[in-house]
Amino acid sequence: MTRSTTESTAPAAPDPTGVGIEDRVHLDRDTNRFVRRRSAHLLRLLLWPMRGRVLLLFALIVAAQAARAAGPLLIAIGVNTALPRLRDGDLSTALWFGGALVAIGLAGGALNWWSVRLTSQISQEVMLDLRSRVFNHVQRLSLDFHEEYTSGRVIARQTSDLDDIRELLDAGVNQLLSAFCYMAIVSVLMFTLDPASGLIFIVASVPVLWLTRWFHRVSQVEYRSSRVASANLIGQFVETMTGMRAVQAFRREPNVTADQRRVSREYRNTDLRAMSLFGVYDPALILIGNITVAVLLAIDGYRMLSGELSIGTLIAAVLYAKRFFQPLEQMARFYNALQAAMASLEKISGLLEEAPNLAEPAPPQPLTSATGEIRLDGVDFGYRNGKPVIAHLDLHIPAGQTVALVGGTGAGKSTIAKLIARFYDVGSGAVTLDGIDVRQLSFADLRRHIVVVTQESYLFGGTIADNIRLGRPDATDDQVRDAARAVGADRFIETLPFGFDTDVNHRGGRLSAGQKQLVSFARAFIADPSVLILDEATSSLDLPSEALVQDALERLLAGRTAVIIAHRLSTVGIADRIVVLDGGAVVEDGTPAELRGGEGHFAQLSQHWNASMAPLHGDSYS
């Protein structure tokens, strides 16, 4: 994916690494080989810890198919030897061959049961490992990746793509190995019994190989298209469900329904094209098998009648011919699953290849305690489009000071907050905490000393206590209650049916906006960071809700460095210092009283704020 930079770059060919070519279905030869090798490498990594069980599985499959292939051979020998002896009244040879057939059948059944059970165990272990790899890796990826790579695509990787791989591992691999082993054993036995019959098998294999190569070439494009269409369908669904309030509020149901039908049709059409190819491949294999059996029966029947071939060998040849092409029919169905799984594995391996923009320092500089002094020295930064957002910015925030960043939309306020928290790395210059470049700190130390409270007070499913404890997982119940009491959240929590054990429902739907913000403040309080960043933390609240959290804010900010980003001047009124930004540069810097008494940007903002608030309650910002 394109990385953050302060310089514009010329358009370049898509990078095959990572998810850069995920939406492409037609790949050149080199790129196709690259993604195939990458997928194969991932599969080897997943199977390597279970290599002992994989080898055992292969041995079981070989033994089971050898037992299966031994049946017609025993029948041929039995017919040629036991039947003549039966004419003489000798039953022992026939009984021996009959018993051997029963024993081989039982052994083959037992080996098949063992191999299927072992296949299921390997499959589930691989899927558990792969799910964990995807989930953990996605969490480590930087914010700029998540801002471009939609949550719907991530869900597609974790659901439909993993399901395709699971289906392949559950049955397809066992069928493939069984088919190859059986066909190899049968070919050897046929040449041993009768080289002429074996030659017919070789001739029949030529159109099978050509047909398989054709299906592989044309179907991989359609299965890649299917994975892209599936991700688009899931992404559209997730986006609609996430924004359901806006959909219903603006009566956009017909529009999103039309979008859903469009992506659903695209998914249907790609699947139909893939299945139509399979509809040619599978019947063609069956046709080749039937023709081969007919040719073999005609030629070997004539040879038997002319005395060149024994009846037992003819029976074995016909049985082998019939069974030889049964695995091919299974392989056709397996190959269909293989193409779908390989397309999914390409997507997942690309996602896992994505490297986080923010590298963990090696070794990190330890920071056991911090006073909270922040410096931005000569900072330049731009987002993915290359347009500079901040240029040569110098800013010093002493420890324990509360600084409000004020400015219009796009002034760079939230960008500065993200750079301080190291959600992004600067293009040039440095951001330091207590004199240490944040790029030299471990993520654990950085997240422990710097906490961000955002505009959206996101609450996870669970109790209120669970959500507060997110800031400190090992906190006791008393510490959770103390944190809630410190920000004034305990008053409304105690009125709930189960107090701190009340389930907040999906995304905190049981609570009001102000109550959710108080819970997020308690979560930040219990984390006890050295630096607290409030990024538009009250912008979504109405005036009563804002008044509810205003006192909590002052208690939360006491004794720590704080950076407040807000459009509402009532929120920045508690700041010791105000920094006014415009175009990524500092245009004013001073105390609230100094800036309010001047004639600059902040004074004008104060006048506009007072004018807009006067009709509501007659108060002014002072």
Side-chain angles (χ1 to χ4, degrees), residues 14 16 18-29 31-40 42-43 123 127 130-131 134 149-173 175-176 211-240 258-285 330-353:
V19 299
I21 58 171
E22 188 173 276
D23 290 335
R24 295 179 62 191
V25 295
H26 297 282
L27 306 180
D28 58 60
R29 179 177 298 180
T31 303
N32 188 61
R33 288 176 178 173
F34 173 79
V35 296
R36 290 291 182 176
R37 285 196 300 267
R38 182 180 65 192
S39 300
L42 174 59
L43 196 56
S123 172
M127 295 310 298
L130 190 54
R131 284 192 182 96
V134 173
Y149 198 80
T150 64
S151 58
R153 290 174 179 257
V154 176
I155 293 172
R157 302 292 89 83
Q158 277 278 34
T159 53
S160 60
D161 287 347
L162 286 178
D163 284 342
D164 284 340
I165 297 172
R166 177 187 55 77
E167 290 178 8
L168 174 68
L169 294 175
D170 280 348
V173 172
Q175 291 179 3
L176 176 67
L211 190 65
T212 300
R213 182 176 177 82
W214 167 82
F215 181 72
H216 170 77
R217 186 181 68 255
V218 299
S219 65
Q220 66 179 352
V221 173
E222 297 304 334
Y223 280 106
R224 284 183 185 136
S225 299
S226 178
R227 292 299 88 210
V228 172
S230 174
N232 291 338
L233 179 62
I234 294 174
Q236 194 271 346
F237 178 81
V238 171
E239 183 181 64
T240 301
D259 288 341
Q260 196 274 339
R261 287 176 178 170
R262 176 181 55 81
V263 295
S264 294
R265 281 195 296 267
E266 292 175 357
Y267 187 30
R268 178 202 62 188
N269 293 339
T270 56
D271 268 4
L272 284 176
R273 289 195 297 269
M275 293 308 298
S276 66
L277 294 173
F278 179 70
V280 173
Y281 181 59
D282 187 38
L285 288 179
Q330 294 176 352
M331 286 178 61
R333 287 184 284 273
F334 160 78
Y335 208 76
N336 191 49
L338 174 65
Q339 289 293 75
M342 288 305 296
S344 297
L345 199 61
E346 287 177 7
K347 308 298 183 188
I348 293 175
S349 63
L351 177 60
L352 292 176
E353 194 180 39

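Source: prediction; values computed, not measured.
- For Val280, the side chain to side chain contact (heavy atoms under 4.5 Å, CB included) criterion is met by Trp214, not counting sequence neighbours.
- Applying the side chain to side chain contact (heavy atoms under 4.5 Å, CB included) rule to Leu42 yields the partners Leu46, Leu130, Leu345, Ile348, Ser349, Leu352; only residues at least two apart in sequence or on another chain are considered.
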Practice item. Carefully, step by step, assess Asp259 and Val263 under the rule side chain to side chain contact (heavy atoms under 4.5 Å, CB included). Key: CA-CA 6 Å; Asp259 288 341; Val263 295; 5.8 Å; no

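- Every residue was checked against the side-chain hydrogen bond (donor to acceptor under 3.5 Å, both in side chains) condition with Thr159, not counting sequence neighbours, and none meets it.
- With sequence neighbours left out, the salt bridge (Lys or Arg N to Asp or Glu O under 4.0 Å) criterion links Arg131 to no other residue.
- Side-chain atoms of Asn269 come within 3.5 Å of backbone atoms of Arg265 as a donor-acceptor pair (strictly under, hydrogens ignored).
- In this structure, the salt bridge (Lys or Arg N to Asp or Glu O under 4.0 Å) partners of Asp163, at least two apart in sequence or on a different chain, are Arg166.
- Atom CG of Asn232 is separated from atom CD of Glu266 by 6.5 Å, given to the nearest 0.5 angstrom.
- Scored by the side chain to side chain contact (heavy atoms under 4.5 Å, CB included) test, Arg36 finds Asn32, His216, Gln220, Arg224, Gln339, Met342, Glu346 as partners (sequence neighbours excluded).
- Residues satisfying the side-chain hydrogen bond (donor to acceptor under 3.5 Å, both in side chains) criterion with Ser123, sequence neighbours excluded, are Asp170.
- Considering CD1 of Ile155 and CZ of Arg153, their distance stands at 12.5 Å, rounded to 0.5 Å.
- Every residue two or more places apart in sequence or in another chain that forms a side-chain hydrogen bond (donor to acceptor under 3.5 Å, both in side chains) with Ser344 is listed here: Asp161, Asp164.
- Using a 4.5 Å heavy-atom threshold, the side chains of Thr240 and Gln260 count as separate.
- Residue-environment remark: CZ (Phe34) exceeds the threshold of 12 foreign heavy atoms within 6.0 Å.
- The side-chain hydrogen bond (donor to acceptor under 3.5 Å, both in side chains) search around Arg273 returns Glu222, not counting sequence neighbours.
- Taking the side chain as every heavy atom from C-beta outward, Leu162 and Arg157 never approach each other to under 4.5 Å.
- Closest heavy-atom contact between Thr212 and Tyr281: OG1-OH, 2.8 Å.
- Among residues two or more places apart in sequence or in another chain, the side chain to side chain contact (heavy atoms under 4.5 Å, CB included) test is passed with Ser226 by Tyr267, Thr270, Asp271.
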